[in-house]
Amino acid sequence: MSAYAVVQTGGKQYKVAVGDVVEVEKLEGEPGTEHTFPAVLHVDGGKVTSDADALAKVSVTGKVVEQTKGPKIRIHKFKNKTGYHKRQGHRQKLTRVEVTGISK
C-alpha cells in the first residue's frame, strides 16, 4: 500500500497521492508555482492519521500544471404563458495541479 492524503481546497476534498494530477477550483499562480494544501486525513500503509495535532505536521505540496476551464453548463429559465425565456451559460475556472510531495 502506498501513502495518500485527503486534502481540502475550494470547499471540496480530494484524495491525492504523489504524482497525481487533480483539477481543483482556481488557484492563483502561473504554471510551475508551488502550493501547499492542508491535509484532512493521511494514510501511510496501514497507519491512518486523523488527529488534528498530528495533521498539522503533514503537508501536501503541489505544482500548478495549467489554468483551464470546465465544461460549459447551459442554464435555461422559462415561465409558461408569459413569454419569459432566459438563457445563460457558465464555465468554471479550474487549475490542474500535480502533487509533488506528502511530508510528515
Side-chain angles (χ1 to χ4, degrees):
M1 291 181 82
S2 62
Y4 67 88
V6 176
V7 297
Q8 182 170 358
T9 179
K12 298 181 180 86
Q13 294 181 352
Y14 302 91
K15 177 183 170 185
V16 297
V18 176
D20 286 354
V21 177
V22 290
E23 282 187 345
V24 299
E25 296 222 2
K26 187 172 193 273
L27 298 171
E28 295 300 323
E30 296 296 317
T33 306
E34 291 281 330
H35 280 281
T36 304
F37 302 100
V40 179
L41 179 78
H42 180 250
V43 178
D44 189 7
K47 185 179 175 193
V48 178
T49 306
S50 62
D51 182 42
D53 295 333
L55 285 173
K57 299 173 187 169
V58 176
S59 66
V60 178
T61 56
K63 181 178 68 172
V64 174
V65 177
E66 68 174 331
Q67 302 287 354
T68 183
K69 288 183 178 179
K72 182 147 193 164
I73 298 171
R74 297 184 198 317
I75 302 154
H76 182 219
K77 296 180 181 180
F78 169 78
K79 289 194 179 177
N80 197 14
K81 300 178 185 174
T82 61
Y84 174 78
H85 287 272
K86 181 178 181 184
R87 291 183 187 89
Q88 186 176 350
H90 175 75
R91 289 188 74 186
Q92 184 67 38
K93 293 183 179 180
L94 302 172
T95 301
R96 191 168 275 158
V97 177
E98 179 182 3
V99 178
T100 56
I102 300 173
S103 64
K104 288 190 342 176

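Scope of the values below: all heavy atoms of this structure, side chains included, with no hydrogens, waters or symmetry mates. The model shown is predicted, which means the values in this text are computed figures rather than measured ones.
Checked against ring-ring contact (aromatic ring centres under 6.0 Å, His included), Phe78 has the following partners two or more places apart in sequence or in another chain: His85. Every residue was checked against the side-chain hydrogen bond (donor to acceptor under 3.5 Å, both in side chains) condition with Gln8, not counting sequence neighbours, and none meets it. Contacts of Thr61 classified as side-chain hydrogen bond (donor to acceptor under 3.5 Å, both in side chains), with partners at least two apart in sequence or in another chain: Thr100.
Residue pairs meeting the salt bridge (charged side-chain N to carboxylate O under 4.0 Å, His left out) criterion with at least one partner in residues 82-93, sequence neighbours excluded, do not occur; the list is empty. Contacts classified as salt bridge (charged side-chain N to carboxylate O under 4.0 Å, His left out) and involving residues 13-26 (residues at least two apart or in different chains) are given here: Lys12-Glu25, Glu23-Arg96, Lys26-Glu28. Pairs of residues two or more places apart, or lying in two chains, never qualify as side chain to side chain donor-acceptor pair (under 3.5 Å) while including a residue from residues 29-38. Residues in residues 48-60 take part in these side chain to side chain donor-acceptor pair (under 3.5 Å) pairs, two or more places apart or across chains: Ser59-Ser103.
Side chains of Val24 and Tyr14 form a contact here, defined as non-hydrogen atoms less than 4.5 Å apart.
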Practice task
Given side chain to side chain contact (heavy atoms under 4.5 Å, CB included), test Lys104 with Asp44 step by step and report yes or no.
Solution key: CA-CA 10 Å; Lys104 288 190 342 176; Asp44 189 7; 3.8 Å; yes

Practice task
Please assess Val48 against Leu41 for the test side chain to side chain contact (heavy atoms under 4.5 Å, CB included), listing each intermediate value before the final yes or no.
Solution key: CA-CA 7 Å; Val48 178; Leu41 179 78; 3.7 Å; yes

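For Ala3 against Ile102, the heavy-atom pair with the smallest separation is O-CD1, 4.5 Å. Here the closest heavy-atom approach between residue Ala17 and residue Tyr4 is recorded as CB-CB, 4.2 Å. The heavy-atom pair separating Glu66 from Pro31 by the smallest distance is CA-CG, 4.4 Å. Nearest approach of Val18 to Gly101, heavy atoms of both residues: CG2-CA, 4.0 Å.
When atom types are taken as modelled, the side chain of Gln67 and the backbone of Leu27 share a donor-acceptor pair closer than 3.5 angstrom.
Linking Ile, Leu, Val, Met, Phe, Trp and Tyr residues whenever their side-chain heavy atoms come within less than 4.5 Å places Val40 and Val43 in a single cluster.
Among Val7, Val21, Val6, Val97, the one residue that satisfies the side-chain contact (heavy atoms from CB on, under 4.5 Å) test with Val16 is Val7.
Residues Gln92 and His90 have side chains that bring a donor and an acceptor to within less than 3.5 angstrom of each other.
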